[in-house]
2 protein chains.
Amino acid sequence: MVELDRCEINCIHDEAVKAVKEALFSEDIAISLAELFKALGDPTRVKILFSLMTRELCVCDLAAVIGASESAVSHQLKILRTLRLVKFRREGKIMFYSLDDDHIEKLFAQGLEHVTE
Amino acid sequence: MVELDRCEINCIHDEAVKAVKEALFSEDIAISLAELFKALGDPTRVKILFSLMTRELCVCDLAAVIGASESAVSHQLKILRTLRLVKFRREGKIMFYSLDDDHIEKLFAQGLEHVTE
DNA sequence: ATTATATATGAACATATGATCATATGAATA
DNA sequence: TATTCATATGATCATATGTTCATATATAAT
């Protein structure tokens, strides 16, 4: 608040701030977006999601593929489920997980472009 | 390790694990990808980046637009700079920040699709 | 019914993160 | 060159995060 006052007098470019503020999406959307990206922001979850891009897998297989404990994988799957990034179906004792939609593929493709360029 | 042994006997679908393991990218890439997404996984940084999609802005303007302290913005800009998500140019005392490439726009577009559907 | 198996969940712990405050830097101006 | 201003940085602290271990649940098999 105090800083805003000082700033308005000295440095702020008023029209720029006003214009950008109007274009800025809502707090809610910013938080949702951040939550989505945060879910993708962990190596274990990245590996889980990338593994599921090939085919559906059970928790045990996922753990073996990415080299993590089944408990750790299960915990991370819960986060991915909450954000509707993965879905699952039960077959007896086994839960098969798969990607919930194709957004992840596209996000990964974009992300890889940035990372590998 | 112990769990792997137990698992191999009981639950693992060997060919599936083998196939997916081969398709899986390297540990390094997984970590880089996670770092990129993690950088996008914070409301303050999301707002900064989205603001910069409209036009270049100085630290002071950014702080005013998103309603955060200039110090907080500066700290976050450092993270974004490290990951080559933003670039900057100096004009006297003022630093103007802008997006470093167009990947962020595409990532945001994809992310918004998921979040708002 | 009892046991085994696949997965889920809760508690605990170490580490990471983001904001704030104080201070430092670097450029313009008096 | 002394001061002011815009930004950067370091320290600190409260909170969040991810793993592990122990335990619970749900299904299948005996």
Side-chain angles (χ1 to χ4, degrees), chain A residues 1-13 16-17 30-31 34-35 37-48 56-64 66-83 86-97, chain B residues 1-13 16-17 30-31 34-35 37-48 56-64 66-83 86-97:
Chain A
M1 301 299 137
V2 177
E3 288 176 278
L4 271 182
D5 287 341
R6 182 168 61 75
C7 229
E8 270 169 42
I9 298 166
N10 296 314
C11 141
I12 279 206
H13 308 90
V17 170
I31 290 175
E35 267 176 359
F37 286 127
K38 188 184 283 183
L40 304 178
D42 170 80
T44 301
R45 290 192 292 269
V46 162
K47 289 179 206 163
I48 288 174
E56 70 170 5
L57 289 166
C58 69
V59 177
C60 184
D61 288 349
L62 275 170
I66 73 180
S69 75
E70 294 164 42
S71 178
V73 169
S74 185
H75 275 295
Q76 300 310 328
L77 283 170
K78 184 177 191 175
I79 294 174
L80 298 175
R81 244 160 39 210
T82 302
L83 288 166
V86 300
K87 61 187 180 207
F88 58 92
R89 66 179 180 84
R90 177 181 282 280
E91 193 168 296
K93 285 176 285 194
I94 302 177
M95 302 287 274
F96 283 97
Y97 280 85
Chain B
M1 300 299 136
V2 178
E3 289 178 277
L4 272 181
D5 286 342
R6 181 167 62 73
C7 231
E8 270 168 41
I9 297 165
N10 296 315
C11 140
I12 281 205
H13 307 90
V17 170
I31 290 174
E35 267 176 358
F37 286 126
K38 189 185 285 184
L40 305 178
D42 171 81
T44 300
R45 290 193 292 270
V46 162
K47 290 179 206 162
I48 289 175
E56 70 170 5
L57 290 166
C58 71
V59 177
C60 185
D61 288 350
L62 274 170
I66 72 179
S69 75
E70 292 164 42
S71 178
V73 169
S74 184
H75 275 293
Q76 299 310 327
L77 283 170
K78 183 177 190 176
I79 294 174
L80 297 175
R81 243 158 42 210
T82 303
L83 288 167
V86 300
K87 62 187 181 209
F88 57 92
R89 68 182 180 81
R90 176 181 284 279
E91 194 168 295
K93 286 177 283 193
I94 301 178
M95 303 287 274
F96 284 97
Y97 280 85

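All heavy atoms count here, side chains included; hydrogens, waters and symmetry mates do not.
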### Approximate separation, where rounding is to 0.5 Å, of B:L57 CG and B:L62 CG
5.0 Å
### Query
Between atom CD of B:E35 and atom CG of B:L40, what is the distance when rounded to the nearest 0.5 Å?
12.0 Å
### Message
If I take atom CG in residue A:L40 and atom P in nucleotide D:dT17, what distance separates them, rounded to the nearest angstrom?
### Response
14 Å
#### Entry: Test: B:R81 cationic atom under 6.0 Å from B:F88 six-membered ring centre, within 45° of axis
yes
## Note on the structure
Ranking A:D42 and B:M95 by the position along DNA chain D of their nearest nucleotide, the one closer to 5' is B:M95
### Query
Just to confirm, is there a sub-4.0 Å distance from OP1 or OP2 of C:dG18 to any side-chain nitrogen or oxygen of B:T44?
no
### Task
Hey, can you tell me if A:F37 and B:F37 have their rings parallel, tilted or perpendicular (30° and 60° cut-offs)?
parallel
### Task
Kindly point out which of D:dT9, C:dT7, C:dA19 is positioned nearest to the side chain of B:A72?
C:dA19
### Task
Identify whether any heavy atom of A:F88 sits under 4.0 Å from a base atom; if not, whether one sits that close to sugar-phosphate; answer base, sugar-phosphate or nothing.
nothing
### Task
Measure the spacing between NE2 of B:H75 and CD1 of B:I79 and express it to the nearest 0.5 Å.
9.0 Å
### Message
Any donor-acceptor pair, under 3.5 Å, between the side chain of B:S71 and the base of D:dT7, if you only look at N and O atoms?
### Response
no
### Message
Quick check on D:dA6: is either OP1 or OP2 less than 4.0 Å from any side-chain nitrogen or oxygen of B:Y97?
### Response
no
### Task
Round to a whole Å and report the spacing from NZ of B:K78 to P of D:dA11.
11 Å
### Task
Go through the side-chain N and O atoms of B:R89 and B:Y97 and say whether any donor and acceptor fall under 3.5 Å apart.
no
## Note on the structure
Of the candidates D:dT17, D:dT9, D:dT19, the side chain of A:K38 sits closest to D:dT17
### Query
Which distance, rounded to the nearest 0.5 Å, do you find between the OG1 of A:T44 and the CD1 of A:I66?
5.5 Å
### Message
With the criterion set at under 5.5 Å between ring centres and under 30 degrees between planes, would D:dT9 be stacked on B:H75?
### Response
yes
### Message
What is the separation between atom CG on B:L77 and atom C1' on C:dA19, rounded to the nearest whole Å?
### Response
15 Å
### Query
Checking all strands, does B:F96 fall into the base, sugar-phosphate, or nothing category for heavy-atom contacts under 4.0 angstrom?
nothing
### Message
It should be established whether A:S69 places a side-chain nitrogen or oxygen under 4.0 Å from OP1 or OP2 of nucleotide D:dT20.
### Response
yes
#### Entry: Euclidean distance, atom CD1 of residue A:I79 to atom P of C:dT9 [Å, nearest integer]
12 Å
#### Entry: Out of C:dT7, D:dA8, C:dT9, whichever nucleotide has its closest atom nearest the side chain of A:R81
C:dT9
### Message
Using 0.5 Å steps for rounding, measure from the NZ atom of B:K47 to the CD atom of B:Q76.
### Response
11.5 Å
### Summary
Of D:dT7, D:dG10, C:dG18, the nucleotide closest to the side chain of B:R45 is C:dG18
### Summary
A:L62 atom CG is separated from C:dA8 atom P, nearest whole Å, by 10 Å
### Query
Side chain of B:Q76: nearest nucleotide among D:dA6, C:dG18, C:dT17?
C:dG18
Check nucleotides 26-30 of chain C for protein N or O atoms closer than 3.5 Å to its own N or O atoms and list the pairs.
none

### Query
B:E70 has an atom CD; how far is it from atom C1' of C:dG18, in whole Å?
17 Å
### Message
The side chain of A:V59 is closest to which nucleotide in this list: C:dA8, D:dG18, D:dC21?
### Response
C:dA8
